Amino acid sequence: MTQGPEDQPTDPGTSDQLAERKMRFLFALRSRGVTDTRVLTAMEKIDRGLFVRNVFADRAYEDMPLPIACGQTISQPSVVGLMTQALQVNPRDTVLEVGTGSGYQAAILSQLARRVYTVDRYRRLVREAGELFRQLDLVNITAITADGSHGLPDQAPFDRIIVTAAAEDPPGPLLEQLKPGGIMVVPVGQSDAVQALIKVTRTQSGFDYEELRPVRFVPLVEGLGSE
Ligand code: SAH
């Protein structure tokens with residue numbers, strides 16, 4: 001996946017195959033509505049294959065969610081693209097992600113924002129994602145083990161917040177930690193059903209809510225995980 005030519009002298013076809021898979025990957029993103037050039041560039045640069053570390057690794061360039069450790073999932077690439085696009089990240093923004101999972105979404109955000117905080121309730125996921133961020137030199141990401149439904153009061157407020165697990169309602173602490181003019185994207189609904197992806201914009205006087213599309217995410221669970 002990240003091997004240079006010196007690591008794979010026996011298979012000269014590999015880099016061509018990789019280039020083709022990447023082209024198909026980007027084409028699938030575009031055809032599903034990911035049109036923002038900055039988002040597409042970030043998704044071209046960050047190799048999803050590195051974030052899927054199990055038997056499913058060879059399906060990393062297909063537009064489907066895949067299992068990761070701790071019984072969680074890495075989201076479908078087109079959903080990552082559409083959520084990132086809806087977040088309208090500016091280069092000077094500080095972003096909070098709730099639900100580090102594999103770290104893929106945070107890595108994409110790191111290309112668009114000044115600073116990314118990402119939290120997960122599983123220590124193991126935070127540790128493994130942190131290792132990848134170091135390996136990829138993504139120095140503007142801080143990964144923290146925490147119950148993200150409380151946000152990160154010490155680092156708040158945030159310009160943008162993205163929640164990649166489904167909540168029954170947008171969590172109050174996260175709304176409070178959004179700057180005026182800030183945007184939060186969050187899947188809302190029952191955990192075992194199809195949820196609605198909601199875009200919340202904080203105005204001077206309150207919050208505007210816009211329903212974007214149906215999605216399916218693992219639930220936002222309170223407290224820390226066992227691993
Ligand atoms: N964004 C991830 C996919 C997230 S899957 C990626 O790019 O791979 C959802 C993640 O949310 C899981 O890892 C789960 O452990 C985490 N999660 C669920 N409830 C949480 C909570 N209360 N606080 C922090 N993380 C939570």
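Remember, it's a predicted structure, so these values are computed and weren't measured experimentally. Ligands are counted one by one from 1 in listed order, and the atoms in each one are counted from 1 as well.
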Q | Ligand-side contact atoms (ligand 1) for residue partner Leu220, heavy atom cut-off under 4.0 Å | A | 18 (C), 19 (N), 20 (C), 21 (C), 22 (N)

Q: Please could you name the atoms of ligand 1 that Thr73 approaches to less than 4.0 Å, counting only its heavy atoms?
A: 3 (C), 4 (C), 5 (S)

Q) If you draw the axis of the six-membered ring of Phe25, does the NZ or CZ of Arg21 fall within 45° of it and under 6.0 Å from the ring centre? A) no

**Q.** hydrophobic_cluster_shared for Val79 and Tyr61, side chain cutoff 4.5 Å
**A.** yes

**Q.** Heavy-atom nearest neighbour of atom 24 (C) of ligand 1 within options Arg121, Arg124, Glu222, Glu97
**A.** Arg121

(Q) Geometry only, no angles: is Val98 polar-contacting ligand 1 at N/O separations under 3.5 Å? (A) no

(Q) Quick check on contacts: which atoms of ligand 1 are under 4.0 angstrom from a heavy atom of Ile74? (A) 8 (O)

Q: May I ask you to identify the nearest protein heavy atom to atom 18 (C) of ligand 1, giving residue, atom name and distance to one decimal place in Å?
A: Pro219 O, 3.5 Å

Q: With the side chain counted from C-beta on, respond yes when Ile74 and Arg48 share a heavy-atom pair under 4.5 Å apart, and no when they do not.
A: yes

Q | Proximal ligand 1 atoms for Val218, defined as those under 4.0 Å from one of its heavy atoms | A | 5 (S), 9 (C)

Q | Taking atom 12 (C) of ligand 1 as the reference point, the nearest protein heavy atom with its distance | A | Gln72 OE1, 3.2 Å

Q: Please round to the nearest 0.5 Å and tell me the distance separating atom CG of Leu109 and atom CD of Glu97.
A: 6.0 Å

Q | Atoms of ligand 1 close to Gln105 [distance to a heavy atom under 4.0 angstrom, numbered from 1] | A | 1 (N), 7 (O)

Q) Would you say Thr164 and ligand 1 have an N/O pair spaced under 3.5 Å apart? A) yes

Q: Return yes when Gly225 approaches ligand 1 closer than 4.0 angstrom through a heavy atom, no otherwise.
A: no

Q: Kindly compute the distance separating CD1 (Ile68) from CG (Asn54), expressed to the nearest 0.5 Å.
A: 9.0 Å

Q. Considering the options Thr94, Asp93, Thr142, which one meets the side-chain hydrogen bond (donor to acceptor under 3.5 Å, both in side chains) requirement together with Arg115?
A. Thr142

Q.
At less than 4.0 angstrom from any non-hydrogen atom of Asp147, what atoms of ligand 1 do you find?
A. 21 (C), 22 (N), 23 (N)

Q: Would you sort out whether Thr203 and Asp208 count as a side-chain hydrogen bond (donor to acceptor under 3.5 Å, both in side chains), showing the intermediate values?
A: CA-CA 7 Å; Thr203 64; Asp208 283 343; 5.2 Å; no

Q | Within-4.5 Å side-chain heavy-atom neighbours: Arg160 and Leu112 | A | no

Q: Would you mind reporting whether Ile198 and Glu211 have side-chain heavy atoms less than 4.5 Å apart?
A: yes

Q. Can you tell me which residue and heavy atom of the protein come closest to atom 11 (O) of ligand 1, and the distance to 0.1 Å?
A. Gly99 CA, 3.3 Å

Q. How far is atom 22 (N) of ligand 1 from its nearest protein heavy atom, and which residue and atom is that?
A. Val221 O, 2.6 Å

Q.
If the contact criterion is a heavy-atom separation under 4.0 Å, does Ala106 count as touching ligand 1?
A. no

Q. Among all protein non-hydrogen atoms, which one is nearest to atom 13 (O) of ligand 1, and what is the separation to 0.1 Å?
A. Asp120 OD2, 2.6 Å

(Q) Among Ser102, Gly101, Pro77, which one puts a heavy atom closest to atom 8 (O) of ligand 1? (A) Ser102

**Q.** Residue that, paired with Glu20, satisfies side-chain hydrogen bond (donor to acceptor under 3.5 Å, both in side chains) out of Lys22, Arg24, Gln17
**A.** Arg24

**Q.** Enumerated ligand 1 atoms positioned under 4.0 Å from heavy atoms of Ala146
**A.** 23 (N), 24 (C)

Q: Enumerate the atoms of ligand 1 whose separation from the nearest heavy atom of Tyr122 is less than 4.0 angstrom.
A: 15 (O)

Q) Should Val215 and Val39 be regarded as members of a common hydrophobic cluster, given that ILVMFWY residues are connected when their side-chain heavy atoms come within less than 4.5 Å of each other, either directly or indirectly? A) yes

Q: Please work out which of Val126, Thr100, Leu224, Val52 has its closest non-hydrogen atom nearest to atom 2 (C) of ligand 1.
A: Thr100

Q: Any chance you could measure Ile46, atom CD1, to Leu136, atom CG, to the nearest 0.5 Å?
A: 6.0 Å

Q: Using a cut-off of 6.0 Å, state whether more than 12 heavy atoms not belonging to Met64 lie near its atom CE.
A: yes

Q) Would you say Leu125 and ligand 1 have an N/O pair spaced under 3.5 Å apart? A) no

Q. For Gly148, is at least one N or O under 3.5 Å away from an N or O on ligand 1?
A. yes

